[in-house]
2 protein chains.
Amino acid sequence: MPTPARTSTQAIITAGRMILAREGLDGLTMEKVAAAAGVRAPSLYKRVSGRPELVRLVAGDVVAEVAADLASAASSGDPASDLRAMAYTLRSLAARDPHGFGLLFQPLPAHSAPDPATYAAAVGPLLRVTGELAGPDHALAAARTVTAWASGFLRMELAGGFQLGEDVADAFAYGITLLTEAIAREGGKSASGAGPIRA
Amino acid sequence: MPTPARTSTQAIITAGRMILAREGLDGLTMEKVAAAAGVRAPSLYKRVSGRPELVRLVAGDVVAEVAADLASAASSGDPASDLRAMAYTLRSLAARDPHGFGLLFQPLPAHSAPDPATYAAAVGPLLRVTGELAGPDHALAAARTVTAWASGFLRMELAGGFQLGEDVADAFAYGITLLTEAIAREGGKSASGAGPIRA
DNA sequence: ACCTGAACACCGTTCAAGT
DNA sequence: ACCTGAACACCGTTCAAGT
């Protein structure tokens, strides 16, 4: 006898985001997510294969949000401004949802890691900007440098690192300025397709 | 009736490092650590308050190892060479013990986080080098930039990021070169106490 | 078809009892 | 003093039974 569904994968993901934001990854239990979605834990197994896949879906949802925010942040027309705007967008996201953002940069087991294609969409605007700054030959290496710095910085900030005093916001500004100028200089010294800073 | 101790806190830490290296943080259970130390799980509670403190002690052991390796890597006399050597030392450590190294850059709950003083020792040589390169006013911000980049890069590499092709080792070399040159330039353009690159 | 209570395995933790 | 088996709470997962 068919019965109507009382929840959906999307509702489960939304419930998962809420629990994650409030209680962190350890608090993201099947029981709590099920309760937030209005069912019992065993019912979740009709939509997801288990907790690893639930984590994967929730992480994918975070990545998609980051990708959308990054894309709309990188629209000033000036690549140096765009790069700075993207960095500060990430910092805002991290401050607004530390647990959700932290999930992005966590070494997740294979079954919990979002699809590489999901990440690729988020990186698109960054690659465009580093390409304009450093030239096509260095676009990927420069993007990796910026991504590594930003993710490391924000994760350390969220984890309560940076205990040696001085203003953390100043260190963030120092870092993004240093990187932007260095990458732009990299583009300037190579003849290969690097335009002026204003693309 | 007193009985001789059958294990020790140090033996528990050593056992923890071994289990962590082999099975990762999730595999670091009280049961397995106890077995590796030659006792039963409840006995561990004579030496550690619970799993959070066990994780804290194991993480502190990793930090101490990193501090020692960094200190001996930064001894060439040339700050630019030292900075590069420290970066590659971290990359070697990450490759040799991915799970142990990964623990360093994980957002650990408060009761599992090693003492800030433990980290301070590891950062000492780095601060000296960035001070020589960028001058005292920018030593800390520069050190934070390098630390953020290195930790972010290595964690992404360990997590299987960098899926877009091209050589990851090249991106690492690009990053450390870019940062070293940019930080040295920062020192050169300020008059405040920055010596020549050769200190 | 979908949902649930009951049951099981696993792990952290406590504690009374052993030596 | 230190160690242990037994017990409990919690969580992921399975499954037979309900609708």
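Just so it is clear: chains get the letters A, B, ... in the order the sequence lines come, proteins before strands, and each one is counted from 1. This is a predicted model, so every value here is computed, not measured.
- B:Arg185 and A:Glu181 are not joined by a salt bridge, as no carboxylate oxygen comes within less than 4.0 angstrom of a charged side-chain nitrogen.
- Counting only heavy atoms from C-beta on, A:Arg40 has its side chain closest to C:dT4 among C:dT19, D:dT4, C:dT4.
- The residue B:Thr7 sits close only to the backbone: its heavy atoms come under 4.0 Å of sugar-phosphate atoms, none of a base.
- In a base pair of the Watson-Crick type (N1 to N3 plus N6-O4 or O6-N4) or a G-U wobble (N1-O2 and O6-N3), with each distance short of 3.5 Å, C:dA17 is matched with no nucleotide.
- In a base pair of the Watson-Crick type (N1 to N3 plus N6-O4 or O6-N4) or a G-U wobble (N1-O2 and O6-N3), with each distance short of 3.5 Å, C:dC3 is matched with no nucleotide.
- Among B:Thr89, B:Thr180, B:Thr177, the single residue meeting the side chain to side chain donor-acceptor pair (under 3.5 Å) criterion with B:Arg84 is B:Thr177.
- Side-chain N or O atoms of A:Arg128 include one that pairs as donor or acceptor with a backbone N or O of A:Ala74 at under 3.5 Å.
- Rounded to an integer number of Å, the gap from B:Asp26 CG to C:dC10 P is 16 Å.
- A straight line from CD1 of A:Ile12 to P of C:dC2 spans 12 Å, rounded to a whole angstrom.
- For the pair A:Ser43 and C:dT4, the criterion of a side-chain N or O lying under 4.0 Å from OP1 or OP2 is met.
- Relative to the six-membered ring of A:Phe101, A:Arg96 misses at least one condition, a distance below 6.0 Å or an angle of at most 45° to the axis.
- D:dC8: Watson-Crick or G-U partner is C:dG12, with both key distances under 3.5 Å.
- With distances taken from any side-chain atom of A:Met30 to the nucleotides D:dT4, C:dC2, D:dG12, the minimum falls on D:dG12.
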